[in-house]
Amino acid sequence: MSRTTRFAALLAMAGTLMAAPALAVTGPAWTMVRTEDAWVREAPPSAAAMAGYMIVVNPSKETLTLVGATSPQFGEVQMHEIVTEQGMTRMQEVKQLVVPPKGRLAFAPGSTHLMLMAPKQPLKAGDPVEIVLRWSPKGKTTVKTSVRPRNAPAASPAAGGHDHH
């Protein structure tokens, strides 16, 4: 094989490899979801629940519907929002949340958050936590994070500076 032929073959291979990433993104939109700044706030040892926060990013062109979450370390995980009615602020469970195309959903202190209830063992700052987000009609995203100290500020600007847990 001549030098020119080898060079042409290498150029053709390089062109194929450069085009490959554009073809690699296939499958349901929820498979492209990523999370940022995921964390769980440390609770007192006798607490029956902990709060979980993160930013869910939907890079796809499709609307995604989050229908729940689970964790092997907790008996139950619920999605909560903060509502104010007649001057009273309270938490309210929500059964689904929408992440718009090319959009974000923030689980943040003082706002929408995850309630991780009935811990199977006490968790302290630094302990790992796994949360599985469930998508409609049938998808899952596993988030691996850890517990932050009770007095740790939210690291993300989207998370705000308020916390009621």
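Everything numeric here is computed off the predicted structure, so don't read it as measured data.
A heavy-atom distance below 4.5 Å is found between the side chains of Met54 and Leu114. Side-chain contact check for Val33 versus Leu64: some heavy-atom pair is nearer than 4.5 Å. Between Lys102 and Lys61, the closest side-chain pair of non-hydrogen atoms falls below 4.5 Å.
Residues forming a side-chain contact (heavy atoms from CB on, under 4.5 Å) with Pro149 (at least two apart in sequence, or on another chain): Glu42, Ala125, Asn151, Ala152. For Lys95, the side-chain hydrogen bond (donor to acceptor under 3.5 Å, both in side chains) partners are Glu93, not counting sequence neighbours. Here Ala118 pairs with nothing under the side-chain contact (heavy atoms from CB on, under 4.5 Å) rule; sequence neighbours left out. For Gln92, the side-chain hydrogen bond (donor to acceptor under 3.5 Å, both in side chains) partners at least two apart in sequence or on another chain are Glu81, Arg90. The side-chain hydrogen bond (donor to acceptor under 3.5 Å, both in side chains) search around Ser46 returns none, not counting sequence neighbours. With sequence neighbours excluded, the residues forming a side-chain hydrogen bond (donor to acceptor under 3.5 Å, both in side chains) with Glu76 are Gln78, listed by chain and number. Partners of Lys120 under the salt bridge (Lys or Arg N to Asp or Glu O under 4.0 Å) rule, at least two apart in sequence or in another chain, do not exist in this structure.
In this structure, NE2 on His113 lies 11.5 Å from CE on Met79, to the nearest 0.5 angstrom. With values rounded to the nearest 0.5 angstrom, Asn58 atom CG is found 7.5 Å from Thr63 atom OG1. Residue Asp127 holds its CG atom at 7.5 Å from CD of Gln121, rounded to the nearest 0.5 Å. In this structure, Met50 CE and Arg148 CZ are separated by 12.5 Å, a value rounded to the nearest 0.5 Å.
Aromatic ring pairs are classed by plane angle as parallel below 30°, tilted from 30° to 60° and perpendicular above 60°; the pair Trp39 and Tyr53 is tilted.
Considering every non-hydrogen atom in both Val77 and Ala69, the closest pair reads CB-O, 3.3 Å. Scanning all heavy atoms of the two residues, the minimum distance from Ser60 to Ala29 falls at OG-CB, 3.4 Å. Between His80 and Met91 the shortest heavy-atom distance is ND1-SD, 3.5 Å. Taking all atoms of both residues into account, the shortest heavy-atom contact from Ala49 to Ala43 is O-CB, 3.7 Å. Of all heavy-atom pairs spanning Pro44 and Arg150, the tightest one is N-NH1, 3.4 Å.
Leu116 and Leu97 end up in the same hydrophobic cluster when Ile, Leu, Val, Met, Phe, Trp and Tyr side chains are linked at under 4.5 Å. Val98 and Ile55 fall into different hydrophobic clusters, defined by Ile, Leu, Val, Met, Phe, Trp and Tyr side-chain heavy atoms under 4.5 Å apart, directly or through other members. The hydrophobic cluster containing Val56 also contains Val94, counting ILVMFWY residues as joined when their side-chain heavy atoms lie under 4.5 angstrom apart, directly or transitively.
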Residues 128-141, side-chain donor-acceptor partners within the protein, below 3.5 Å, at least two apart:
from	atom 1	to	atom 2	distance (Å)
Glu130	OE1	Lys144	NZ	3.4
Trp135	NE1	Thr141	OG1	2.9

query = Phe107 and Thr35: side chain to side chain contact (heavy atoms under 4.5 Å, CB included), yes or no, with the steps?
reply = CA-CA 11 Å; Phe107 287 98; Thr35 59; over 6 Å; no
